[in-house]
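The sequence lines fix the lettering, A, B, ..., with proteins before strands; numbering per chain opens at 1.
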Amino acid sequence: MPLLLALVIWLVCLALALPFFTRTWWFPVAISEHARQVDTQFMFTLVVTGVIFIVAQLALGYVVFNYGRRRSGAATYSHGNNTMEVLWTSATAILFIGLTIMGGSVWARVHFMGAPPGAIPIEVTGQQFVWNMRYAGPDGKFGALDIRQINDAGGNPLGVDSKDPAGKDDIVVPTMAVPVNRPVELILRTKDVTHSFFVPELRLKQDTVPGMTIRIHFTAETVGKYEIACAELCGLGHYKMRSFLEVMEPADFEKWLQKRSTR
Amino acid sequence: MAELAPAHAAHAHAAPTGFIRKYIFSLDHKVIGLQYYFLALVAVFVGMALSLLMRWHLVWPQSHMGWLEKLFPAGAAGGVMTPELYLSLMTMHGTIMVFFVLTTAPQSGFGNYILPIQIGAEDMAFPTLNMLSFWVTFVGFVVLIAAFFVTGGAPLSGWTAYPPMSALPEAGPGEGAGQTLWIVSLALFSAASLLGALNFITTTLDLRARGLSLMRMPLTCWTWFVTAILGLLAFAVLLAAGVLLLMDRIAGTSFFVPAGLVVSDRVINHSGGSPLLWQHLFWFFGHPEVYIAILPGMGVVSQVISTFSRKPIFGYRAMVFAILAIGALGFGVWGHHMFISGMSPYSAMAFSVLTMSIGVPSAIKTFNWIGTLWGGKIRFTTPMMFAIGFVSVFVTGGLSGMFLGQPPVDLFFHDTYFVVAHFHMIMGVASIFGIFAATYYWFPKMFGRMMNDPLGKLHFWITFIGVYAVFGPMHYLGLIGHPRRYAEITGVNYLAQSHPLHLFMTIAALITVGAQLIFLFNLFWSMFKGKKAEMNPWEATTLEWTVPSPPPHDNFAGAHPVVYRGPYEYSVPGAPKDYIMQNDPEPAKAAH
Amino acid sequence: MWLALGAVVMVFAAFTSAYVVRKGMSLDWQAIRLPSILWLNTAVLLASSATIEKARRERQSCESWLAATSVLGAAFLAGQYVAWQQLRAAGVFLASNPSSSFFYLLTGAHGVHLLGGVLALFYVAGRAWRGAEWPNRQAAVEATALYWHFMDGLWIYLFFLLQVGGK
Ligand code: HEM
Ligand SMILES: [Cu+2]
Ligand SMILES: [Cu+2]
């Protein structure tokens with residue numbers, strides 16, 4: 001029994017750990033500096049926790065095996081050991097808090113600082129169960145919104161105010177395109193309930209909260225077409241609230257915009 | 001009313017005679033404990049059945065189930081499960097599991113049954129209140145289940161019920177009457193938990209036997225005590241939040257709903273509320289709640305490991321300190337559920353540091369369990385197997401928390417299956433293992449018979465391997481960025497690669513849940529046919545093992561036990577046996 | 001008893017934090033004119049605290065003081081009801097505005113708690129009136145008195161919050 005239990009613990013844990021080495025299921029490619037930093041922080045954490053995981057499960061199996069097969073003699077009478085207690089308490093404290101502090105800078109770079117100057121603003125509005133992307137158009141200004149003018153069927157899902165001149169050239173589309181290597185600022189909103197804007201390749205996720213306007217920024221470095229998913233439960237169509245992010249060469253991006261502004 | 005003042009000595013109520021007073025509206029803490037336990041047992045099987053339906057749907061979304069349509073005419077029209085039915089099953093599964101299983105069995109069930117006996121009391125401090133708590137909880141459960149059968153069905157908004165979804169009937173099917181019932185159910189549950197918590201705290205403080213100082217209490221008592229304190233503070237906040245949400249729904253107030261929303265093409269006539277306010281209130285309750293679920297399990301595991309290692313618990317003081325630290329820190333970390341919710345990124349850093357700190361007392365506990373096993377003379381009983389299994393899953397679940405506690409990493413994992421893996425391991429499976437360990441351990445005391453050991457072992461092997469097989473792969477789903485609460489994997493292309501994993505997990509879940517029938521059979525079979533148990537079959541030291549199995553109506557038959565020593569005096573050198581009961585006046589001959 | 005009060009404190013602490021947050025972030029907050037009968041109600045409640053304190057100290061012949069407290073308590077509840085009616089008459093409803101929502105919520109929640117106190121008082125006073133003696137009689141009176149004072153203090157706090165915070 002002791003050997004069996006120890007072996008089962010070890011084997012099960014080995015099986016759990018194995019795919020982390022083989023990387024059969026792994027992160028999608030990282031397409032921004034920020035994404036790579038997140039990955040680095042993840043790898044650090046994986047190494048630290050991985051070592052603890054292996055040591056702890058090995059130790060558990062070992063004591064089960066070693067002290068379980070004992071037939072004679074008595075158990076050691078001991079109420080513990082304060083030195084050990086202090087030792088492992090401080091060791092884990094330093095390790096865990098150290099990790100947090102290391103991760104802090106990655107977090108700070110995207111969240112404490114605003115978008116760099118020259119970033120392209122794109123307004124993203126969630127709605128059950130689609131994403132609306134709004135570009136400000138040539139004037140660089142977003143038109144005012146008026147919820148009474150919302151008309152999904154009539155091509156005005158956001159209710160861009162027809163009386164506001166700044167809104168005349170706004171482009172509202174269901175998918176997003178951005179030029180490669182240009183900072184982009186997202187202005188996140190929602191029309192109804194909470195959603196969450198998630199692009200795995202950018203390691204970027206942010207809830208869109210009713211009543212709030214939240215700004216985040218990113219710079220994509222690899223041309224390609226990526227999926228945008230919704231990561232916050234928003235109703236029955238949550239699982240298919242999907243859109244695309246297309247990262248393009250600047251010239252292609254200009255063409256893309258052009259095509260949509262003359263609709 | 002006389003009961004308002006905790007009666008120190010005799011509030012002795014005579015043993016009831018009629019069936020109703022004895023088994024239905026009983027004042028006896030033991031009967032009430034069992035009532036809670038069986039309520040949780042019903043709840044856990046309902047919850048598991050719902051999870052199987054979910055798992056099935058994730059793999060075979062188109063499969064036709066005629067009987068499902070009979071059960072949910074709207075949600076499974078034509079016998080095929082709709083996404084909204086999936087989400088309502090998920091909401092009910094989470095709610096049932098968290099509240100009516102993990103809060104009910106370990107604390108209200110075993111705590112009620114064992115705590116008074118372990119501290120040498122005749123009953124809880126307020127027996128009537130105790131009965132009231134149970135029946136309010138019971139009504140709460142009935143109200144929750146009723147949500148399935150109202151127009152629109154059960155709510156979709158998850159066990160966290162974020163507004164505005166949960167505040168607006170327009171937001172989807174199930175957000176009408178179903179959501180209202182859900183809130184009412186949780187309000188009832190909260191009120192009952194408050195009463196229960198009062199009872200536990202008073203009992204522990206006032207009714208301890210002579211000689212049983214706090215630092216001589218079994219660790220189980222410590223965990224029930226601290227859990228009750230957490231419950232008192234946390235459920236009050238949930239109750240308040242629930243009242244506010246209910247008012248937003250039925251009285252037209254705007255606590256959580258801001259202006260300018262358009263839901264299902266309707267302009268919503270609310271203004272100025274804050275959805276984040278709910279999240280703060282909910283998680284201020286919600287995080288302590290996960291400790292409410294797990295702390296009693298930690299107590300049981302300490303007790304069981306010490307008993308069957310035949311060794312005193314390693315670092316009793318450190319264990320008590322860790323329990324207290326977890327309790328205190330537990331109220332300062334709620335923000336880790338909100339890193340990407342739009343909350344200030346600066347507070348995210350503060351919450352992160354606190355969250356990682358709470359890992360420290362949890363690690364202390366793990367070290368001490370292994371330290372207790374170290375040098376022991378282990379007896380492989382079924383409760384011991386589950387206790388060892390608990391340590392393993394607790395390590396696994398705890399370590400995945402280290403990823404989620406760091407905002408930049410959580411950024412990716414938040415609301416993915418990585419979280420589902422994490423909380424199932426640490427809160428779900430670990431607590432359930434605690435419940436199993438407690439059941440196998442105290443069953444002889446509660447029913448006067450032993451549970452069948454080979455069946456228990458079989459149950460353990462399948463369950464232990466099974467839970468890793470069901471919840472392990474969810475970590476990998478998290479790695480590929482698979483969002484949680486997805487009714488199907490067809491909506492987003494990159495999820496196609498997850499199909500083999502889902503298939504594997506569904507098969508594993510079918511087997512694992514099937515194995516729980518072994519437990520059910522063992523439980524009821526042993527109740528009537530099991531080997532008769534003596535007073536102290538495990539040769540354990542705490543007070544519940546000094547009374548007959550099952551204990552008489554007032555536990556100690558009028559006697560007042562006196563405690564002479566700490567709870568885990570095993571293998572004391574020079575002692576005649578390898579354990580010394582807490583109420584044994586012989587001085588321990590050992591020198592420390 | 002102290003623990004029960006702790007739980008009540010938590011409930012109202014949660015309401016208060018909701019109040020502060022909700023007020024801090026909203027642009028739609030409109031102060032409401034609190035009906036002046038609230039001052040009268042406050043006085044009634046304070047008086048009832050005095051009478052129950054008297055009952056507690058009397059020990060043996062406390063029943064008339066208990067009865068007086070119950071009447072004053074009931075009067076307070078009636079007064080609160082009148083205040084609600086006045087507000088409604090003035091067109092201020094539960095859903096009109098966040099400040100009115102909180103007014104109804106807080107006074108309502110306090111009223112429910114106080115109603116519990118009044119019922120307890122009826123029970124204790126009733127038994128004492130019939131001349132009953134029971135072992136925990138003094139303890140019951142003490143507990144009720146403590147609860148009552150607490151409800152009084154809670155009301156003062158809420159009244160202050162609504163007066164000052166509501167602006
Ligand atoms: C029989 C074993 C179990 C299986 C197969 C299972 C399976 C699942 C599945 C498939 C989900 C939905 C995931 C999603 O769509 O995002 C889920 C959610 C959940 N489960 Fe379990 N589960 C089991 C046991 C438990 C236990 C013991 C608990 C107790 C803590 C629990 C608590 C939850 C919670 C809180 C949720 C989240 C619900 C929500 O998102 O609102 N489950 N489970
Ligand atoms: Cu969504
Ligand atoms: Cu938490």
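Using a 4.5 Å heavy-atom cutoff, the side chains of B:Leu411 and A:Trp107 are in contact. Contact annotation: the side chain of B:Leu479 approaches that of A:Phe20 to within less than 4.5 Å [non-hydrogen atoms, C-beta and beyond]. Taking 4.5 Å as the limit, every side-chain heavy atom of B:Met402 sits out of range of all side-chain heavy atoms of A:Ile52. With a 4.5 Å cut-off on side-chain heavy atoms, A:Met212 and B:Leu276 count as touching.
With a threshold of 4.5 angstrom between heavy atoms, A:Glu85 approaches chain B through side-chain atoms but not through N, CA, C or O. Both the backbone and the side chain of A:Leu99 come within less than 4.5 Å of a heavy atom of chain B. B:Trp461 touches chain A through its side chain: at least one heavy atom from C-beta onward sits under 4.5 Å away, while N, CA, C and O do not. Of the two parts of B:Arg484, only the backbone, made up of N, CA, C and O, holds a non-hydrogen atom closer than 4.5 Å to a non-hydrogen atom of chain A. Using a 4.5 Å cut-off between heavy atoms, B:Ala487 contacts chain A through both its backbone and its side chain. With a 4.5 angstrom heavy-atom cutoff, A:Gln57 touches chain B only via side-chain atoms. Contacts of B:Phe367 with chain A are made by both backbone and side-chain atoms, with heavy-atom separations under 4.5 Å. If you measure heavy-atom distances from A:Phe198 to chain B, the contacts under 4.5 Å come from the side chain alone. Heavy atoms closer than 4.5 Å to chain B are found nowhere in A:Ala108, neither backbone nor side chain.
Taking chain A as the reference chain and counting heavy-atom pairs below 4.5 Å, the highest number among B:Thr355, B:Asp578, B:Leu501, B:Val263 is found for B:Leu501. In terms of heavy-atom pairs under 4.5 Å with chain B, the best-connected choice from A:Trp88, A:Tyr62, A:Tyr226 is A:Trp88. Listed options A:Gln206, A:Met241, A:Met102 were ranked by heavy-atom pairs under 4.5 angstrom with chain B; first place goes to A:Gln206. The residue among A:Thr190, A:Asp152, A:Val12 with the most heavy atom pairs within less than 4.5 Å of chain B is A:Val12.
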Audit row: A:Phe44, B:Val409, side-chain contact (heavy atoms from CB on, under 4.5 Å) steps and yes/no | CA-CA 11 Å; A:Phe44 261 120; B:Val409 184; over 6 Å; no
Let me see the working for A:Asp39 and B:Phe412 under side-chain contact (heavy atoms from CB on, under 4.5 Å), right down to the final yes or no.
-> CA-CA 10 Å; A:Asp39 289 5; B:Phe412 187 82; over 6 Å; no
Begin with the C-alpha distance, continue with both residues' side-chain angles, and end with the deciding distance and a verdict on side-chain contact (heavy atoms from CB on, under 4.5 Å) for B:Asp415 and A:Ser196.
-> CA-CA 9 Å; B:Asp415 262 330; A:Ser196 193; 5.7 Å; no
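In this structure, B:Tyr486 and A:His238 have perpendicular ring planes: the angle between them is above 60°, well past the 30° mark. Using cut-offs of 30° and 60° for the angle between ring planes, the A:Tyr67 and B:Trp374 rings count as tilted.
For B:Pro483 against A:Ala229, the heavy-atom pair with the smallest separation is CG-CB, 4.4 Å. Here the closest non-hydrogen pair linking B:Pro83 and A:Leu236 is CB-O, 3.4 Å.
Checked against B:Ser341 for a side chain to side chain contact (heavy atoms under 4.5 Å, CB included), the options A:Val209, A:Asp207, A:Ile214, A:Thr194 give a single hit: A:Asp207.
In this structure, the ring of B:Tyr86 has its center no less than 6.0 angstrom from the ring center of A:Tyr239.
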